[in-house]
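Proteins come first, then strands; the chains are lettered A, B, ... in the order of their sequence lines, and each starts at number 1.
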Protein chains: 2
Amino acid sequence: MRARNIKPTAMRELVLEVLSRQTAAIGLPELEEHFEKADRTTLYRTLKTFEEKKLIHKIDDGTGTVKYALCSETCECEPDDLHVHFLCKKCEKTYCLYNIPVPTINLPPGFQLDGVNMVVNGICSNCRT
Amino acid sequence: MRARNIKPTAMRELVLEVLSRQTAAIGLPELEEHFEKADRTTLYRTLKTFEEKKLIHKIDDGTGTVKYALCSETCECEPDDLHVHFLCKKCEKTYCLYNIPVPTINLPPGFQLDGVNMVVNGICSNCRT
DNA sequence: ATGAGGGATGCAACTGTATTGCAAAGTTAT
DNA sequence: ATAACTTTGCAATACAGTTGCATCCCTCAT
Ligand SMILES: [Mn+2]
Ligand SMILES: [Mn+2]
Ligand SMILES: [Zn+2]
Ligand SMILES: [Zn+2]
């Protein structure tokens, strides 16, 4: 896991462990709840480090809380690696649809594409009983 | 313009006028700067009303400030009406790409699609000299 | 072993946007 | 004119994110 060049401290191990257990993306406030002692700042900086080293990626689902999820092994967070995200308006969980790549967009002339954020919202399969 | 069922107060006229003049989407903080006297709350609620009545639509471009832009005449803000947005990382402006519809996504079984937020970021034609 | 250097952590303070409560002012209908 | 309803303004609050700074911890060179 630390093929990503991150110094493995105790705290980081714990955070990564929590992240690995998630079935949906997780935000800083929720991550905080998983710890008794840990400070928000430390978690914040841990996530930031993880993101910079491309161990996780950021997801802005429009809920006001930025969420994070593990990147796939080979992910470099470039346009080709990007996938669609799904926000359930019932359970408020955000899922990575790892196998649904973001569609290619033809921008108007003169526009340079660097990245895409695509969030689909609706109701997830769990919430549809 | 008030085919949208909004009582046209003086304030609202002014806000709509500012919105109409914009070439890019505008957020609450920036909208505030266009007025000397107006209160943030009033502007906030004006935008909210406009949005509910589908005169404008919300754009969350991930910058931390929600932006708004006029809807097209016939827009009902349903999946079919949605278009792609572009955030320029140079000028930080967010543009509606009204003529680029959001691509159709095939969700995994059990998922119900209600809406899509698709924001492309990169460099706009203005900033590329 | 020891002490310096550099990163990691924890605490507190602060930022900026969004949001709500409440009273005053304005509008509309009887 | 009065009552009912809507809009506005001000103040206070909520909340995620962020920064400064002191302290702790680990590693490395002496
Ligand atoms: Mn993802
Ligand atoms: Mn738009
Ligand atoms: Zn759900
Ligand atoms: Zn630009």
Note to self: Measuring only between side-chain heavy atoms, which start at C-beta, is B:V18 closer than 4.5 Å to B:L16?
What the structure shows: no

Check: Does the side chain of A:V102 come within less than 4.5 Å of A:P79's, by heavy atoms?
Finding: no

Next item on the list: Please list, chain by chain and in numerical order, all residues satisfying salt bridge (charged side-chain N to carboxylate O under 4.0 Å, His left out) with B:K89, sequence neighbours excluded.
Entry: A:D114

Checklist line | Shared-cluster residues of A:I59, by chain and number - hydrophobic side chains joined below 4.5 Å | finding: none

Checklist line | Pairwise ring-ring contact (aromatic ring centres under 6.0 Å, His included) hits with a residue in residues 110-129 of chain B, at least two apart | finding: A:F86-B:F111

Margin query: Holding to side-chain hydrogen bond (donor to acceptor under 3.5 Å, both in side chains), I want the full list of residues that pass it with A:E17, two or more places apart in sequence or in another chain.
Written below: A:R21

Check: Hey, does B:T41 reach any base, or is it just sugar-phosphate, or nothing, if we go heavy atoms under 4.0 Å?
Finding: base

Next item on the list: Calculate the interatomic distance between A:L14 atom CG and C:dG10 atom P; express it in whole Å.
Entry: 11 Å

Next item on the list: Give the rounded distance in Å between these two atoms: CD of B:E92 and P of C:dT17.
Entry: 12 Å

Notebook entry, point to check: B:K37 has an atom NZ; how far is it from atom C1' of C:dA25, in whole Å?
Noted result: 15 Å

Notebook entry, point to check: Quick one: ring-ring contact (aromatic ring centres under 6.0 Å, His included) pairs with a partner in residues 22-60 of chain B, sequence neighbours left out?
Noted result: B:H57-B:H83, B:H57-B:H85

Checklist line | side chain to side chain contact (heavy atoms under 4.5 Å, CB included) against A:E92, all qualifying residues, sequence neighbours excluded | finding: A:T63

Next item on the list: Return the value, rounded to whole Å, for the distance between atom OH of A:Y44 and atom C1' of C:dC11.
Entry: 16 Å

Notebook entry, point to check: Quick one: on DNA chain D, does A:P29 or A:K48 contact a more 5' nucleotide (nearest heavy atom)?
Noted result: A:P29

Next item on the list: Could you encode protein contacts along nucleotides 3-9 of chain C as a string, one character per nucleotide from 5' to 3', using B for base contact, S for sugar-phosphate-only contact and - for no contact, with a heavy-atom cut-off of under 4.0 Å?
Entry: ----SSB

Margin query: Taking salt bridge (charged side-chain N to carboxylate O under 4.0 Å, His left out) as the definition, give me every residue that meets it alongside A:E33, ordered by chain and number, with sequence neighbours left out.
Written below: none

Check: In whole angstroms, how far is the P atom of C:dG16 from the CD atom of B:E33?
Finding: 12 Å

Next item on the list: Measure the angle between the two terminal helix axes of the helix from C:dA1-D:dT30 to C:dT30-D:dA1, five base pairs each, and quote it to 10°.
Entry: 10°

Notebook entry, point to check: Contact boundaries of DNA chain D with chain B (under 4.0 Å, heavy atoms), 5' to 3'?
Noted result: D:dT6 to D:dA12

Note to self: Could you work out, with side-chain hydrogen bond (donor to acceptor under 3.5 Å, both in side chains) as the rule, every residue matching A:K58, not counting sequence neighbours?
What the structure shows: none

Note to self: Checking B:N126 now: which residues fulfil side-chain hydrogen bond (donor to acceptor under 3.5 Å, both in side chains) with it, not counting sequence neighbours?
What the structure shows: none

Next item on the list: Starting from C1' on C:dT17, measure out to CD1 on B:I26 and report it in whole angstrom.
Entry: 15 Å

Check: In whole Å, what is the span from the CD atom of A:E36 to the P atom of C:dG10?
Finding: 14 Å

